[in-house]
Amino acid sequence: MTTRNTVRVRFAPSPTGALHIGGVRTALFNWLFARHHQGAFILRIEDTDQTRSTEESIRIILEGMKWLGLDWDEGPFRQTDRKEIYQAHVDRLLKEGKAYYCYCTPEELDARRKQALAEGRPPKYDRKCRSLKSPIEGRTPAVRFLSPDEGQTIVQDLIRGSVTFENQQLDDLIIRRSDGFPTYNFAVVVDDLTMNITHVIRGDDHLNNTPRQIQLYEAFGYKPPEFAHLPMILGPDKAKLSKRHGATAVTEYKDLGYLPEALVNYLSRLGWSAGDQEIFSVDELIQKFSFDHVGKAAAVFNQEKLLWLNHHYIQQADPSRLGDLLLELLLKDGIVITGNEPDTAWLQRLAGILIERSHTLIEMKQAAIPFILDTITLDEKAKAKHLTQDIAPLLKELIAILKPLNPFTHSELEKTFNDFITRKGIKLGKIAQPVRVALTGGTVSPGIYEVIELMGKDKTIKRIEAALASI
RNA sequence: GGUCCCAUCGUCUAGCGGCCUAGGACGCUGGCCUCUCACGCCGGAGACACGGGUUCGAUUCCCGUUGGGACCA
């Protein structure tokens, strides 16, 4: 193993809420890159904001990652466990004269900023405290990084090429707040360099933070890692994706009946491509992923396409898995009671006939209900249209024919129905639709023979009788 | 406001100077199939933001404009 060249990447979410779509995409690209290069994927929890961080969020994030199959090799590390490390690094910069104490209060800073603006000067920190000879009594200082004020800092980005920042534009970053906590930009650098991260892959909302981070690496005498800033994911209104755009948390997608592979496939194609290919297995993604084909422009999240992919993966899914997932949802809704589960093989067959019409597992569950429940309610419109007086005699006759039918199978049913309509001189639709309404309550269902076969003789006859009674 | 980023069909994207009368996918739409709805199959509408350059030749390179976005404040 060539340690020197081993790729090490990390995903570093803040546990201040659910695991969001944008975060998942960042995690996914990191993970794909790591797996592609047989490197390490490290999970780090950025929980220094203790007022907003919760254990519950951490749990939800880990659960979401597991659900998607994004396994990590190291961690989860927590920033709150690493306070001494940040402290040591602050001390080092202080000792080397690369950082200094700042006693300015937010009010003072704000006043001077406004004044600078009013006088037409850039609102940059004026380094007032740098020349301070002794501490100001009664105040706890923050620590600022003494950043170079000449020259340029160039970010070499794997996606964007080189991006140049004038050092003059960057002011002396606070690295430790007066409450003793390290600031975000500082903690990230200390973490990434102590964890030997080789590639920092994150959203491009961090691009502007990058030059100051590079300066910190240099102050510590380290070579900065490679950077790759991914384009943002937007809502349909082209604003940054947020809660008001509907479901944004991974757990919501799970609850909505999406398969993890659909979400992974969809997200992988948001900002990345491999020619005309749309469908990718995880192995293919790992094999084909590279930054060469990651785009620069932000991408709008498109529910419809996700739905299409979900449908695709439902159709591809293993029947036993679908049966299990279906059962899980039915139990959750109390449609099926524990201890009274339907036969596994039967459930799998049921799932099998429902997949064509199911874009989500929830749709599948809905369509499964008439097959499980003892009684159903007929849709009023469907009933009015198909369960009419003139149909009643036909249904009665049909019951008489079905009762002795054995075996009660698709092919036998098809034969029976064909004989029946030939004898009656009617089209199949004339009888199939009323039967469909009687059996499922509505006008939409899988093929009528599939429905009848799976429902079984007893239920079929009972329902047609019930429908007749309601006419 | 300052800094930085971005710009191909409604959306995701292919395109890395001539293969482009711009390809694929979702969505939309016409038709076929058909016991309903779907699935599937066949077809259609639909884009290089604008203006300058560079070049024999620009979607592709450069500059500007416009329009989005992010970060900081």
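Heavy-atom basis, side chains included; hydrogens, waters and symmetry copies ignored. Chain letters run A, B, ... following the sequence lines, proteins first, then strands; residues in each count from 1.
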Nearest-nucleotide wise, let me know which of Ala432(A) and Thr164(A) is further upstream toward the 5' end of RNA chain B.
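The residue whose closest nucleotide sits nearer the 5' end is Thr164(A).
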Using heavy-atom distances to pick each residue's nearest nucleotide on RNA chain B, tell me which of His410(A) and Asn209(A) is more 5'.
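By nearest-heavy-atom nucleotide position, the 5'-most residue is His410(A).
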Does Lys305(A) have a side-chain nitrogen or oxygen under 4.0 Å from the phosphate oxygens OP1 or OP2 of rC12(B)?
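Looking at the OP1 and OP2 atoms of rC12(B), neither is under 4.0 Å from any side-chain N or O of Lys305(A).
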Examine rC37(B): is either OP1 or OP2 under 4.0 Å from a nitrogen or oxygen in the side chain of Ser445(A)? Give yes or no.
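Checking Ser445(A) against rC37(B): no side-chain N or O falls below 4.0 Å of OP1 or OP2.
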How many Å lie between [atom1] on [X] and [atom2] on [N], as a whole number?
{"X": "Trp308(A)", "N": "rC39(B)", "atom1": "CH2", "atom2": "C1'", "result": "14 Å"}
{"X": "Lys381(A)", "N": "rU36(B)", "atom1": "NZ", "atom2": "C1'", "result": "14 Å"}
{"X": "Arg25(A)", "N": "rC12(B)", "atom1": "CZ", "atom2": "P", "result": "12 Å"}
{"X": "Leu158(A)", "N": "rC5(B)", "atom1": "CG", "atom2": "C1'", "result": "16 Å"}
{"X": "Lys385(A)", "N": "rC37(B)", "atom1": "NZ", "atom2": "C1'", "result": "12 Å"}
{"X": "Leu428(A)", "N": "rU36(B)", "atom1": "CG", "atom2": "P", "result": "8 Å"}
{"X": "Leu270(A)", "N": "rC26(B)", "atom1": "CG", "atom2": "P", "result": "16 Å"}
{"X": "Gln277(A)", "N": "rG15(B)", "atom1": "CD", "atom2": "P", "result": "14 Å"}

Tell me what [X] touches on the nucleic acid: a base, only sugar-phosphate, or nothing, going by heavy atoms under 4.0 Å.
{"X": "Gly447(A)", "result": "base"}
{"X": "Thr443(A)", "result": "base"}
{"X": "Glu304(A)", "result": "sugar-phosphate"}
{"X": "Gly203(A)", "result": "nothing"}
{"X": "His229(A)", "result": "nothing"}
{"X": "Pro446(A)", "result": "base"}

Taking the [atom1] atom in each of [N] and [M], what is the distance between them to the nearest angstrom?
{"N": "rG44(B)", "M": "rC37(B)", "atom1": "C1'", "result": "24 Å"}
{"N": "rG27(B)", "M": "rC72(B)", "atom1": "P", "result": "38 Å"}
{"N": "rA70(B)", "M": "rC62(B)", "atom1": "P", "result": "25 Å"}
{"N": "rU60(B)", "M": "rG18(B)", "atom1": "C1'", "result": "11 Å"}
{"N": "rG46(B)", "M": "rG64(B)", "atom1": "P", "result": "34 Å"}
{"N": "rC9(B)", "M": "rA25(B)", "atom1": "C1'", "result": "12 Å"}
{"N": "rA49(B)", "M": "rG10(B)", "atom1": "P", "result": "11 Å"}
{"N": "rA47(B)", "M": "rA22(B)", "atom1": "P", "result": "10 Å"}

Please confirm whether Tyr449(A) and His410(A) have ring centers closer than 6.0 angstrom.
yes
Salt bridge present between [X] and [Y] (N-O < 4.0 angstrom):
{"X": "Glu278(A)", "Y": "Lys305(A)", "answer": "yes"}
{"X": "Glu412(A)", "Y": "Lys415(A)", "answer": "yes"}
{"X": "Arg202(A)", "Y": "Glu46(A)", "answer": "no"}

Locate the shortest heavy-atom distance separating Gly22(A) from Ile233(A); write the atom from each residue and the value.
CA-CD1, 4.1 Å
Closest approach of Arg463(A) and Asp374(A), non-hydrogen atoms and distance?
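Arg463(A) and Asp374(A) have their closest heavy atoms at NH2-O, 3.4 Å.
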What orientation do [X] and [Y] show, parallel under 30°, tilted 30 to 60°, or perpendicular over 60°?
{"X": "Tyr103(A)", "Y": "Tyr101(A)", "value": "tilted"}
{"X": "Phe291(A)", "Y": "Phe33(A)", "value": "tilted"}
{"X": "Tyr266(A)", "Y": "Phe301(A)", "value": "perpendicular"}

For Leu413(A), which of Val451(A), Leu402(A), Ile448(A) qualifies under side chain to side chain contact (heavy atoms under 4.5 Å, CB included)?
Leu402(A)
If we check side chain to side chain contact (heavy atoms under 4.5 Å, CB included) with Leu267(A), which of these qualifies: Leu68(A), Leu28(A), Leu306(A)?
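Only one of Leu68(A), Leu28(A), Leu306(A) forms a side chain to side chain contact (heavy atoms under 4.5 Å, CB included) with Leu267(A), namely Leu28(A).
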Among [options], which nucleotide sits nearest the side chain of [X]?
{"X": "Arg436(A)", "options": "rC12(B), rU36(B), rG23(B)", "value": "rU36(B)"}
{"X": "Asn302(A)", "options": "rG2(B), rA14(B), rC26(B)", "value": "rC26(B)"}
{"X": "Ala297(A)", "options": "rA38(B), rA7(B), rC35(B)", "value": "rA7(B)"}
{"X": "Phe165(A)", "options": "rA14(B), rC4(B), rC37(B)", "value": "rC4(B)"}
{"X": "Glu278(A)", "options": "rG15(B), rG24(B), rC6(B)", "value": "rG24(B)"}

Shorter than 3.5 Å, N or O on both sides, protein versus nucleotides 60-70 of chain B: list them out with atom names.
residue : atom : partner   : partner atom : Å
rA70(B) : O2'  : Asp205(A) : O            : 3.4
rA70(B) : N3   : Asn208(A) : ND2          : 3.3

[N] - base-pair partner by Watson-Crick or wobble geometry, distances under 3.5 Å:
{"N": "rC37(B)", "value": "none"}
{"N": "rG10(B)", "value": "rC26(B)"}
{"N": "rC48(B)", "value": "none"}
{"N": "rC71(B)", "value": "rG2(B)"}

Please evaluate the base of rC37(B) for a donor-acceptor partner in the side chain of Arg357(A) within a cut-off of under 3.5 Å?
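Donor-acceptor pair under 3.5 Å: yes.
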I need the single residue from His199(A), Gln213(A), Arg44(A) that forms a side-chain hydrogen bond (donor to acceptor under 3.5 Å, both in side chains) with Asp192(A). Which is it?
Arg44(A)
Contact list for RNA chain B against residues 260-269 of chain A - heavy-atom distance below 4.0 Å:
Arg269(A)
cation_pi(Arg176(A), Phe181(A)) dist<6.0 Å, angle<=45:
no
